[in-house]
Number of protein chains: 2
Amino acid sequence: MPRPTPASPAGRAGAGRPRNGRPRSAAADAAILAATREALVELGWSRLTLGDVALRAGVAKTTLYRRWPGKNELVVDAVAELFDELELPDRGSLAADIEGVVLRFAAILARPEARSGLMAVVAESTLDDSLRERIRTSIVERQKRLVREGKSRAQRRGELPPDPDPEAADRSFDLIFDVVAGSVVHRSLVSAAPVDATWARDFTALLLAGLGSAPAR
Amino acid sequence: MPRPTPASPAGRAGAGRPRNGRPRSAAADAAILAATREALVELGWSRLTLGDVALRAGVAKTTLYRRWPGKNELVVDAVAELFDELELPDRGSLAADIEGVVLRFAAILARPEARSGLMAVVAESTLDDSLRERIRTSIVERQKRLVREGKSRAQRRGELPPDPDPEAADRSFDLIFDVVAGSVVHRSLVSAAPVDATWARDFTALLLAGLGSAPAR
DNA sequence: CCGGTTTCGCTACGCCTCGTAGCGTAACCA
DNA sequence: TGGTTACGCTACGAGGCGTAGCGAAACCGG
């Protein structure tokens, strides 16, 4: 009996692998994902074809279909790897931490393979629940972890008050995450304007002090 | 000599139309855009085909290609019409105005034809400058006008200080726009969580007072 | 009323991509 | 060595893309 479903192939979900038979080439996985990003840069989402990706990666097209159900899932995994480098170094203050993570996040979004791939899979996920779940675990949850860490770090420093109850803490946390990630994505992809040091400083000032205080630095 | 380019067809850019010959059917335009939205709901972006749209609209496929260069531009125009209803009623205070526009904006994004279409064309625009410009003039600029109006309204009320110089005013304005629009879009499409009254209130409180004040209401 | 002009519906076409099936071979394990 | 799985390759039907060509319809100026 072969594997019931093509299943999730990439290393991220390496669950029960049978001990018999020829193992899947890990090099092929890496080559396919790299080829996918390369094709995203040159062709964008709509003109990207799986046959072209297979050709670039030096594997057969059938190998590609054995590991990923389709174009959507492949691109999610290819883009997700870009976010592996996202970290949150401790810069001493909440303001500095926010500026730092904003600039790092924006640096990833500035790469064309992320620009053209990310929004496309989000669009597809509106009619595909399993794809949305894949995006959530592979990309979104990873970013969220950073915001959670930065918040509790600021609370240890005394820059933010402790949360009164866990329910309110969760809601406040989700809100902050959407504001930070959404603002950077919108600035970068929709407004198509650069997220540079000036913008990061202005954004941090707004997030910390709000509109009521002096909006201009 | 026929028209040099297929040109921008929809009513939005109705420039120099020749006075001779059979006029283009305005009813066909409306039917095509409505059919596009209907197909977006049922099929989403990737499975939407122009042949299917033509069939739904009751026009020939060639008619469709005579008016729009391709799928991208057609969907931009179809989605843009959804934002026509976006307004900013005066609710007496800056906080109430923000909550109102957030909820109205979210109501549009909750419609499946907007969800699946908007992100897709934004993704495509990363490699197509003319498409990005089309999105900017048809969709983004329209939203921006509302934020500009709300800001000056709040300044007349004395809720916000006047801007020191025009350059800082522009930068502050662009920032606010990206934060508001980006946060709502991210919450709605990426986090896939509802933008309800509670979220709108929490977001407004954060935007006005910042993280420094009490984050929980 | 009529000739010029443009749009429209329809059919047909070559090109490409999709996703799968089938086969022989290669790699790994007990 | 035999069993099992992955791989490369070829081939295929299905379907969308975007265009060309045709005759008919609609509108305008003379």
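None of these values were measured; they are calculated from a predicted model. Chain naming here is simple, since letters A, B, ... match the order of the sequence lines and numbering starts at 1 in each.
Between the OH atom of Tyr65(A) and the P atom of dC9(D) there is a distance of 17 Å, rounded to whole Å. The separation between Arg24(A) atom CZ and dG8(D) atom C1' is 15 Å, rounded to whole Å. Going from atom CH2 of Trp68(B) over to atom P of dT7(C) covers 14 Å, rounded to whole Å. For the pair Leu48(A) CG and dC16(C) C1', the computed distance is 15 Å after rounding to whole Å. For Lys71(A) and dT20(C), the NZ to P distance is 16 Å, given to the nearest whole Å.
A donor-acceptor contact closer than 3.5 angstrom is absent between the side chains of Ser46(A) and Lys71(B).
Listed nucleotides: dT19(D), dG29(D), dG8(D). Nearest to the side chain of Thr63(A): dG8(D). In this structure, of dC18(C), dG18(D), dG9(C), it is dC18(C) that holds the atom nearest to the side chain of Leu50(A). Of the candidate nucleotides dG9(C), dC9(D), dC18(C), dC9(D) has the atom nearest to the side chain of Arg66(A). Side-chain proximity of Thr62(A) to dG21(D), dT5(C), dT10(D): nearest is dT10(D). With distances taken from any side-chain atom of Asn20(A) to the nucleotides dT19(D), dC29(C), dG29(D), the minimum falls on dC29(C). Relative to the side chain of Arg22(B), the nucleotides dA25(D), dT5(D), dG9(C) differ in distance, and dA25(D) lies closest.
For Lys61(A) against dG19(C), a side-chain N or O and a base N or O form a donor-acceptor pair under 3.5 Å.
Across all strands shown, Ser25(A) has heavy atoms under 4.0 Å from sugar-phosphate atoms exclusively, and none from any base.
When each of Leu64(B), Val59(B), Leu40(B) is checked for a side-chain contact (heavy atoms from CB on, under 4.5 Å) with Val53(B), only Leu64(B) meets the rule.
Of the possible polar contacts, none joining the Ser183(A) side chain to the Val180(A) backbone as a donor-acceptor pair under 3.5 Å is found. Between the side chain of Asp163(A) and the backbone N or O of Pro166(A) there is no donor-acceptor pair closer than 3.5 Å.
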